[in-house]
Amino acid sequence: MSESHPRISKAVIPAAGLGTRFLPATKATPKEMLPVVDKPAIQYVVEEAVGAGLSDVLMVTGRNKRPLEDHFDRNYELEEALSRKGDAARLARVQESSDLATMHYVRQGDPRGLGHAVLCAAPHVGEQPFAVLLGDDLIDPRDPLLSRMVDVRERAGGSVVALMEVEPSQVHLYGCAAVEATGEDGVVRVTGLVEKPDPAEAPSNYAIIGRYVLDPAVFGILRETGPGRGGEIQLTDALETLAADEAIGGPVHGVVFKGRRYDTGDRGDYLRAIVRLACEREDLGPDFRAWLRRYVTEEM
Ligand code: UTP
């Protein structure tokens, strides 16, 4: 770590989207609170931030923010009831989320896009580099990504995005990066970015997934960035400006992720996440796997 590239300590988790793909479940509940086995999706994301050394977490919330705040707060009534019963195991599970990190909240108001959600974090973040973890993007804890991105930022400065190779037919669902090799395995230089391109115009099949390490210069750009695709202020558009001119906020690198990742805001991926994580659990896995095998062979 050099002095000009300070250590990162803050994580920002945008969780203010409307979650329309998951209606009606998300009518009164944020999609980030939907359980993945027995933990809300957002808790995995906060655990990941803490695991990468970022224990100051700012959540950008919108309407229906109460369940998010309550989940990371103490619940004295429940704790009291569990201690009275002597149920130490469940008490520990209840306390896990409130002891995890130093949580802060800011309200986005109107969901004007991911770029706008990140801009809401500017007063809290200040002039330090910071990480952004999308609250509906679940990275398997056994496949570390964020710590590698933090490491690249600390060595190279600038900003770092997470990239994943996808089928060309899927590129239109993501932000897409034009890249150059760096000589370091799994790390590329990002030379351009396009939000949800038509397949014919996609510069590559490297899709941006929901982890970023950003230079604070991004805030100045976001303030100047007008609505882009879908009428929303797009983080990808601001990153494109950074990638096009290194003088603004340093280079943009990409860390290529080859591990397990689930978009829990997508119903199919959400189901896959639950089945896979439930199968791998020591307590639930043996029974669930046996049932699943029977179901697949006998009933499908
Ligand atoms: P999505 O693109 O998944 O949008 O946002 P969405 O509105 O949440 O969901 P759908 O597409 O309607 O189902 C990606 C991430 O950015 C956050 C979301 O909460 C999610 O974590 N986001 C998006 C905001 O915080 N604010 C916004 O204005 C938009």
Side-chain angles (χ1 to χ4, degrees), residues 8-19 21-22 25-26 29-62 64-73 93 95-106 108 111 114 117-118 120-121 124-125 130-150 160-164 174 207-214 235 255 257 259-267 269-274 276-278 280-281:
I8 297 165
S9 62
K10 290 182 179 170
V12 173
I13 303 185
L18 292 176
R21 286 170 294 165
F22 236 118
T26 47
T29 306
K31 66 175 164 181
E32 291 80 4
M33 283 303 296
L34 297 177
V36 176
V37 189
D38 49 9
K39 237 175 4 184
I42 193 79
Q43 188 175 331
Y44 292 87
V45 177
V46 174
E47 285 170 353
E48 183 192 338
V50 172
L54 318 178
S55 55
D56 179 306
V57 175
L58 175 75
M59 208 168 279
V60 184
T61 65
N64 305 328
K65 68 166 186 166
R66 273 289 296 276
L68 285 165
E69 290 197 5
D70 287 349
H71 184 71
F72 292 100
D73 202 352
R93 298 223 76 195
Q95 289 171 335
E96 248 170 41
S97 53
S98 48
D99 293 343
L100 203 50
T102 307
M103 301 296 300
H104 306 271
Y105 300 90
V106 63
Q108 190 184 6
L114 177 58
V118 170
C120 294
H124 179 80
V125 167
F130 62 105
V132 173
L133 297 87
L134 298 196
D136 58 354
D137 215 331
L138 206 156
I139 302 289
D140 194 295
R142 292 159 299 180
D143 300 326
L145 167 63
L146 191 59
S147 42
R148 177 105 199 259
M149 295 171 71
V150 167
V160 187
V161 297
L163 300 174
M164 204 176 72
Y174 298 89
I208 305 178
I209 57 171
R211 298 293 179 267
Y212 308 81
V213 173
L214 299 176
L235 181 60
V255 168
F257 182 64
R260 288 155 285 193
R261 172 234 172 214
Y262 310 95
D263 173 2
T264 56
D266 171 82
R267 290 169 301 173
D269 235 17
Y270 174 77
L271 293 173
R272 285 185 277 277
I274 291 179
R276 186 171 226 162
L277 294 179
E280 291 166 1
R281 281 269 294 257

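It should be emphasised that the depicted structure is a prediction, and the values quoted were computed from it without experimental measurement. Just so you know, these numbers use all the heavy atoms, side chains as well, and skip hydrogens, waters and symmetry mates.
A pairwise comparison of heavy atoms in Ala25 and Leu34 identifies CB-CD2, 4.3 Å as the closest pair. Looking at every heavy atom in both residues, Ala273 comes nearest to Tyr262 through CB-CG, 3.5 Å. When all heavy atoms of Ala101 and Val50 are compared, the closest pair comes out as CB-CG2, 3.8 Å. When every heavy atom of Val37 is checked against every heavy atom of Ala278, the shortest pair comes out as CG2-N, 3.8 Å. Heavy atoms only, all atoms of each residue included: Ala16 and Gly62 are closest at CB-N, 3.6 Å. Among all heavy-atom pairs drawn from Ser147 and Ala52, the shortest one is N-CB, 4.1 Å.
Looking at Glu32 and Met59, their side chains never come closer than 4.5 Å, going by heavy atoms from C-beta outward. Side-chain contact between Leu214 and Leu235 is present, with heavy atoms from C-beta onward closer than 4.5 Å. Within the 4.5 Å cutoff, the side chain of Leu114 has heavy atoms near those of the Leu134 side chain. Two residues are said to be in side-chain contact when any heavy atoms from C-beta on lie closer than 4.5 Å; Asp56 and His124 meet this criterion. Side-chain contact between Ile209 and Leu145 is present, with heavy atoms from C-beta onward closer than 4.5 Å. His104 has its side chain within reach of Thr102: a pair of non-hydrogen atoms, C-beta onward, lies under 4.5 Å apart. Side-chain contact between Val12 and Val60 is present, with heavy atoms from C-beta onward closer than 4.5 Å. For the pair Tyr105 and Phe72, the minimum side-chain heavy-atom distance is below 4.5 Å.
Between Ile208 atom CD1 and Tyr174 atom OH the span is 11.5 Å, to the nearest 0.5 Å. Remark: Arg272 CZ to Leu138 CG distance equals 13.5 Å, nearest 0.5 Å. Summarising the geometry, atom CD belonging to Gln43 is positioned 9.0 Å from atom CE belonging to Met33; distances are rounded to the nearest 0.5 Å. Separation of atoms CD (Glu69) and OG1 (Thr61) is listed at 6.0 Å; rounding is to 0.5 Å. Here the CD1 atom belonging to Ile42 is positioned 5.0 Å from the CD1 atom belonging to Ile13, to the nearest 0.5 angstrom. Atom-to-atom distance recorded for Ile8:CD1 and Leu54:CG is 7.0 Å, nearest 0.5 angstrom.
Counting only distance, with no hydrogens or angles, the side chain of Thr264 and the backbone of Tyr270 share no donor-acceptor pair below 3.5 Å. Ser97 places a side-chain N or O within 3.5 Å of a backbone atom of His71 that can act as its donor or acceptor partner.
Using a 4.0 Å cut-off between a side-chain N of Lys or Arg and a carboxylate O of Asp or Glu, Asp38 and Arg93 qualify as a salt bridge. A salt bridge links Arg21 with Asp263; the closest basic N to acidic carboxylate O contact falls under 4.0 Å. Using a cutoff of 4.0 Å between basic side-chain nitrogens and carboxylate oxygens, Glu47 and Lys39 are scored as salt-bridged.
When the salt bridge (charged side-chain N to carboxylate O under 4.0 Å, His left out) test is applied to Asp137, the partners found at least two apart in sequence or on another chain are Arg261. Residues meeting the side chain to side chain contact (heavy atoms under 4.5 Å, CB included) test with Arg267, sequence neighbours left out: Phe22. By the salt bridge (charged side-chain N to carboxylate O under 4.0 Å, His left out) test, Asp70 pairs with Arg66, sequence neighbours left out.
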Is there a side-chain contact (heavy atoms from CB on, under 4.5 Å) between Val118 and Tyr212? Walk through the geometry before answering.
CA-CA 11 Å; Val118 170; Tyr212 308 81; over 6 Å; no

